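The structure appears right after this line, and notes come after that.
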Amino acid sequence: RFKRMRGFNVLHPIGWDSFGLPAENAAIKNGIPPRQWTNSNIQQMKATCERFGFSYDWRREISSCEPDYYRWNQWFFLKMLERGLAYRKLSKVNWCPQCQTVLANEQVVDGCCWRHESTAVEIREIEQWFWRITKYSDELLADMAELKEGWPERVLVMQENWIGKSRGARVQFALSEVQAAPLEVFTTRVDTIYGVSAVLLSPHHPSLSALIAGVPGSTAMSEQLDSMRRVNLKAADLATAEKVGFFTGRFGLNPFSGERVPVWVANFVLAEYGTGAVMCVPAHDQRDFEFAQKYRLPLKVVVQPLNGTVPRADQMEQAFTEHGRSVNSGPYSGLESSAAIEKMTADAEAKKFGEAETTYRLKDWGISRQRYWGTPIPVVYCKKDGVVGVPENQLPVRLPENVVLTGEGKSPLANVPDFLNTTCPKCGGPATRETDTMDTFVDSSWYFYRYTDAHNDHAPYDPANVQYWFPIDQYIGGIEHAILHLIYSRFFAKVMRDLGLIQHGEPVRRLFSQGMVQKGGRAMSKSHGNVVGADEMAQKYGCDTARMYTLFAAPPAKDLEWSEDGIEGCSRFLNKVYRLVDRHAPSLHSIDGNLSESFDIVHASAKEKLLLRKAHQTLKRVTNDFEVRWHFNSSIALIMEYYNEMQAQEPFEQDARPEVAKRLIELLVLMLAPITPHICEELWEMLGHSGGLRRISWPQFREDLAKEEQFEVVIQINGRVRGKIQVEDGLSDAETKERALNDQRIKHLVHGSAVAKIVVVPRKLVNIVLR
RNA sequence: GCCCGGGUGGCGGAAUGGCAUACGCAGGGGACUUAAAAUCCUCGGACCGUAAAAGGUCGUGCGGGUUCGACUCCCGCCCCGGGCACCA
């Protein structure tokens, strides 16, 4: 509303992210079909939005569970399939036994489901569809430079960590006694390789069983391996779990030094990162240090601090992990760490036992869900042609209704023969449909583009519309979206750009992370069951009061423990404003309150001056609070102060011309209009205006009206306030100083002391520093 | 462990190096009223001081620093919230 008053063409849309598990679970619990349950919720929420006057553009309303929306999810899927961005593979997945479905990596929190905080995620092997978000890892990282201005730093940091780029080298350790492919390790500190005491393998390392076969004691080792693999701790516990390992009986050869080093299995080596094998350098890695201490592996110092001495191996209490200078490192001794890394990597490449490599923590996005209430994946399986995408002209693949929902670990769609059995688009022979549905984060990854063209039935949107509106000027959302939704959306924009649909690569220019509203110390949410109904508040106090109070309670960036203490104050205030207007409206009804550009405050009465100044000073700060700072609570406080001043000057119409009196009241109403639109419409009409506030501009701030003639200057002695004087504008520093020193009380206090210095801040303060 | 936020009256919070506690809530006192509601006026950081004033000292998580002057900037801690976490 404020931006519209400022003359902007504002697109303020609304839509319903309406697919997903909660609807399905509620349907199972209550015996209502998900669509019915979902749509009745939408009706209710829509009524609330309308009641509160949120001024959404309802012509652009969308709902992701409708075929006219989700067909475009399917369309994007097919585009990705064509381009090799969608692929299917048997993979270990996170499985939530409560949800009975797969979770994306992003949906696993502390080793548990993001919805079921106490349910540990299991690992299962299932055929899954993936989207190749990792193809964009570098770009997702690099383009964050564009977002530095408009995005909160913490969100960027979280995304950067999530992508987790690290540069290093992959180095081969040949096995010394067996005929087998060399072990490959990934390291970011190849400069420490002369300090290697062992090669450590993950318990899940693929060549492990072949490696230990035939080694004495291999049966015991297999048992030990089995138990290590079974341990399925929460990620958080994993980080603090005790380090355990055993020697495999095999040896590898350090390609740089030629040294023979033992190969160990260690529980803390991650299988899914790098190569699943690392080099163990106890002197320069804290984890290796702890492991080596426990198993008495040798410790060899190969890096020393730049301005220190070589620490004695037997006196080290922890690993020295920083960069420094190489020592005991053959031909590389004496090089600084970064130079050593560069040279050793180059040499490894030249001698073909290693190469530079960059790894990422980001993994491809698994989008298959074994549940009903989502977008069907538009693929059929044919005995002859294999995996075949559904042709575009057959979209949407409709989600069948009247399906028996079981909530058990496979998609209910597999039990719907009419859906399941189809013909192959290629050969016309019998085929079956994919029965998994898409992760609902697909729905929310591109929905905002649809707002520009919500009813297009031959494309997700007309690129020309997107060209006009995008990138989004201002996106608002909770911090919980920092990684999941906001990284998927950025990925989607890049895919759409590569499809030639859009010109830009970043969908959101400015992001505002609002605080979470809490109740009883937890985020207010349906799943916690601690939601305070907005309708009840509106019922009791009116929706303008409710709107005002939610803005007044705290700045929007802040988390807020919800309480309705204080809403009475907003209610009282709006009543006072109403009475003020009601009091003056009859006499001012037919007056033109538009002060001309040439209106000169010099000729105004004292009361006119006082109130016009207050009004325009308020206007200046309120405008800034709305536009720049987003501190709606303090803008409301300012408007209250302005009202208080008007109230204190009553009856001001006696000392103010009617057009001035009217303008003063109009300014109050206009500043409140974005906050409490309904009452302001009424007040505006009472003041004699027809046609409503719809096309009324935000009032123009006038410096000349806001300007003070007199200023209160604080007099300090040694930084403590000791007096105040009134000075007129334009008084020189010297004169201000003079006046301050002539003040009776100051004279008295300064008397007899030596003045070391006097600081004058024009129109504000004089500080007299006594020695 | 690392990275972000945050810590101000009884409460929500204000103050972008210049009068700390604006605005509002709750509370005390008063006016109006037969009474209540509503409304209006008024007082509220702590301590010392005073018959009451006037004054004074301390005070924005703790300890230092920079500055004429610090809630604000710098350094070091503590506590709370969030994120990442055996990523080699």
Side-chain angles (χ1 to χ4, degrees), chain A residues 109-110 152-162 164-166 168 185-190 192 200 202 235-243 266-270 272-281 284-288 290-291 321 359-361 479-480 482-483 513 515-516 518 521 548-549 552-555 557-570 572-573 575-576 579 624 628-629 631 633-644 647 712-724 745 756-761 763-770:
Chain A
V109 179
D110 282 347
E153 193 199 345
R154 62 173 166 160
V155 174
L156 296 176
V157 168
M158 282 161 79
Q159 292 209 358
E160 197 179 326
N161 291 340
W162 192 262
K165 179 175 184 169
S166 77
V185 300
F186 175 75
T187 177
T188 55
R189 291 296 301 276
V190 69
T192 63
L200 305 180
S202 157
D237 298 336
L238 209 62
T240 50
E242 205 196 335
K243 292 176 173 46
N267 65 337
F268 64 94
V269 179
L270 301 174
E272 63 276 17
Y273 182 77
T275 58
V278 297
M279 51 193 217
C280 177
V281 187
H284 303 293
D285 182 286
Q286 188 57 30
R287 295 156 298 188
D288 296 344
E290 288 163 24
F291 192 72
T321 57
T359 60
Y360 299 86
R361 298 171 56 199
I479 188 66
E480 72 274 18
I483 298 177
S513 283
M516 302 267 272
Q518 310 192 336
M548 184 176 185
Y549 180 64
F552 189 51
K558 224 180 136 160
D559 285 343
L560 177 72
E561 172 66 29
W562 184 253
S563 152
E564 277 172 37
D565 293 350
I567 193 168
E568 296 282 352
C570 291
R572 279 201 275 268
F573 175 72
N575 281 324
K576 288 192 279 193
R579 285 198 299 272
N624 188 51
V628 183
R629 298 203 320 155
H631 280 203
N633 57 332
S634 62
S635 59
I636 291 169
L638 287 162
I639 296 169
M640 285 173 166
E641 283 183 62
Y642 173 48
Y643 165 85
N644 288 346
Q647 181 61 33
E712 188 183 70
V713 169
V714 169
I715 309 170
Q716 297 181 333
I717 294 178
N718 293 339
R720 295 176 161 279
V721 181
R722 294 296 184 228
K724 288 167 188 181
R745 185 160 170 243
K757 182 177 182 179
I758 299 180
V759 181
V760 179
V761 182
R763 294 181 291 184
K764 271 197 181 142
L765 133 162
V766 176
N767 189 12
I768 302 162
V769 186
L770 300 181

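Not measured: the values here are computed from a predicted model.
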Glycosidic class, syn or anti, of G44(B) using a 90° window around 0: syn

Using a cut-off of under 3.5 Å, enumerate the N/O to N/O pairs linking the protein to nucleotides 64-68 of chain B.
{"residue": "C68(B)", "atom": "OP1", "partner": "K757(A)", "partner atom": "NZ", "Å": "3.0"}
{"residue": "C68(B)", "atom": "O2'", "partner": "N767(A)", "partner atom": "ND2", "Å": "3.2"}
{"residue": "C68(B)", "atom": "O2", "partner": "N767(A)", "partner atom": "ND2", "Å": "2.6"}

Under 3.5 Å donor-acceptor, N267(A) side chain and E242(A) backbone: yes

Candidates C86(B), G5(B), A15(B) - which lies nearest the side chain of E153(A): G5(B)

Within the sub-3.5 Å range, which N or O atoms of nucleotides 56-58 of chain B have a protein N or O partner, and how far apart are they?
{"residue": "G56(B)", "atom": "OP1", "partner": "R722(A)", "partner atom": "NH1", "Å": "3.3"}
{"residue": "G56(B)", "atom": "OP1", "partner": "R745(A)", "partner atom": "NH2", "Å": "3.2"}
{"residue": "C58(B)", "atom": "OP2", "partner": "R720(A)", "partner atom": "NH2", "Å": "2.5"}

Nearest-angstrom distance, C1' atom, G64(B) to A54(B): 37 Å

N/O (side chain, N644(A)) to phosphate O (OP1/OP2, A22(B)) under 4.0 Å: no

Atom-pair distance (CG on L156(A); P on G5(B)), nearest Å: 12 Å

Among U16(B), C40(B), C86(B), the nucleotide that comes nearest once only the side chain of R629(A) is considered: U16(B)

Distance under 6.0 Å and angle within 45° of ring axis: K243(A) vs F291(A): no

C3(B) versus A88(B) - spacing of their P atoms, nearest Å: 16 Å

Validation row: V278(A), F186(A) side chains within 4.5 angstrom (heavy atoms): no

Separation between the P atoms of C75(B) and G82(B), rounded to whole Å: 26 Å

Of the listed nucleotides C25(B), A15(B), C86(B), the one nearest the side chain of D565(A): C25(B)

Check: R361(A) side chain, N161(A) main-chain N or O, donor-acceptor pair, under 3.5 Å: yes

Heavy-atom closest contact (R154(A) atom, S513(A) atom, distance): NH2-CB, 4.3 Å

Between T359(A) and S166(A), a side-chain donor and acceptor under 3.5 Å: yes

Check: L770(A) main-chain N/O paired with N718(A) side-chain donor or acceptor under 3.5 Å: yes

Donor-acceptor pair, side chain of D288(A) and main chain of V281(A), under 3.5 angstrom: yes

Per R287(A) side chain, nearest of listed nucleotides G13(B), A15(B), C87(B): C87(B)

Listed nucleotide nearest any side-chain atom of S634(A), set G18(B), A14(B), A88(B): A14(B)

Y273(A) side-chain proximity, nearest of C84(B), G24(B), C87(B): C87(B)

Residue whose nearest RNA chain B nucleotide is more 5′ - M158(A) or Q647(A): Q647(A)

Whole-Å distance separating the CH2 atom of W562(A) from the P atom of G13(B): 12 Å

V269(A) side-chain proximity, nearest of G83(B), C19(B), A88(B): A88(B)

G164(A) or G569(A), whichever maps to the more 5' nucleotide of RNA chain B: G569(A)

Distance-only donor-acceptor test, K764(A) side-chain atoms vs C19(B) base atoms, 3.5 Å: no

Below 4.0 Å: OP1/OP2 of A14(B) and any side-chain N or O of N633(A): yes

P spacing across the pair U16(B) / C48(B), given as an integer number of angstrom: 34 Å

For G27(B), the Watson-Crick or wobble partner whose two distances fall under 3.5 Å: C43(B)

Anti or syn - G59(B), cut at 90° from 0: anti

Distance between P atoms of U50(B) and G56(B) (Å, rounded): 16 Å

Nearest non-hydrogen partners of M516(A) and D559(A), listed with the distance: N-OD1, 2.6 Å

Contact list (N/O, under 3.5 angstrom) for nucleotides 26-33 of chain B vs protein:
{"residue": "A26(B)", "atom": "OP2", "partner": "R572(A)", "partner atom": "NH2", "Å": "3.1"}

Presence of R361(A) side-chain N/O under 4.0 Å of C84(B) phosphate oxygens OP1/OP2: no

Watson-Crick or G-U wobble partner of G1(B), both distances under 3.5 Å: C84(B)

Donor-acceptor pair present, E712(A) side chain and C19(B) base, under 3.5 Å: yes

R629(A) side chain vs N624(A) backbone, donor-acceptor pair below 3.5 Å: no

Gap in Å between the two C1' atoms, one belonging to C68(B) and one to G17(B), rounded: 12 Å

Rounded interatomic separation in angstrom, taking CD1 from I483(A) and C1' from G82(B): 11 Å

Length of the CG-C1' vector between N161(A) and C4(B), whole Å: 10 Å

Sugar-phosphate, base or nothing in reach of K558(A), heavy atoms under 4.0 Å: sugar-phosphate

Test item: I715(A) and N767(A) side chains (from C-beta on) under 4.5 Å apart, heavy atoms: no

Whole-Å P distance, A20(B) and G45(B): 14 Å

Selection from C40(B), G24(B), A14(B) that lies nearest to any side-chain heavy atom of K576(A): C40(B)

Student check: side-chain heavy atoms of V766(A) and V713(A) closer than 4.5 Å: yes

Separation of Q647(A) CD from E641(A) CD (nearest 0.5 Å): 15.0 Å

A14(B) versus U21(B) - spacing of their C1' atoms, nearest Å: 8 Å

R154(A) CZ - C3(B) P separation (whole Å): 17 Å

Base-pairing assignment for C73(B) (Watson-Crick or G-U wobble, both under 3.5 Å): G65(B)

Nucleotide C80(B), atom P - distance to CG of D559(A) in whole Å: 17 Å

Nearest to side-chain heavy atoms of A637(A), which nucleotide of A22(B), G12(B), A88(B): A22(B)

Nearest-nucleotide pick for W162(A), side chain only, options being A15(B), G13(B), C84(B): C84(B)

Expected output: side-chain Y549(A) to main-chain D565(A) donor-acceptor under 3.5 Å: yes

Base-pairing assignment for A20(B) (Watson-Crick or G-U wobble, both under 3.5 Å): none

For the student: nearest non-hydrogen atoms of A482(A) and V155(A), plus distance: O-CG1, 3.9 Å

Shortest non-hydrogen contact from A554(A) toward L560(A): CB-CD1, 3.7 Å

Touch class at under 4.0 angstrom, heavy-atom based, for P555(A) against every strand present: sugar-phosphate

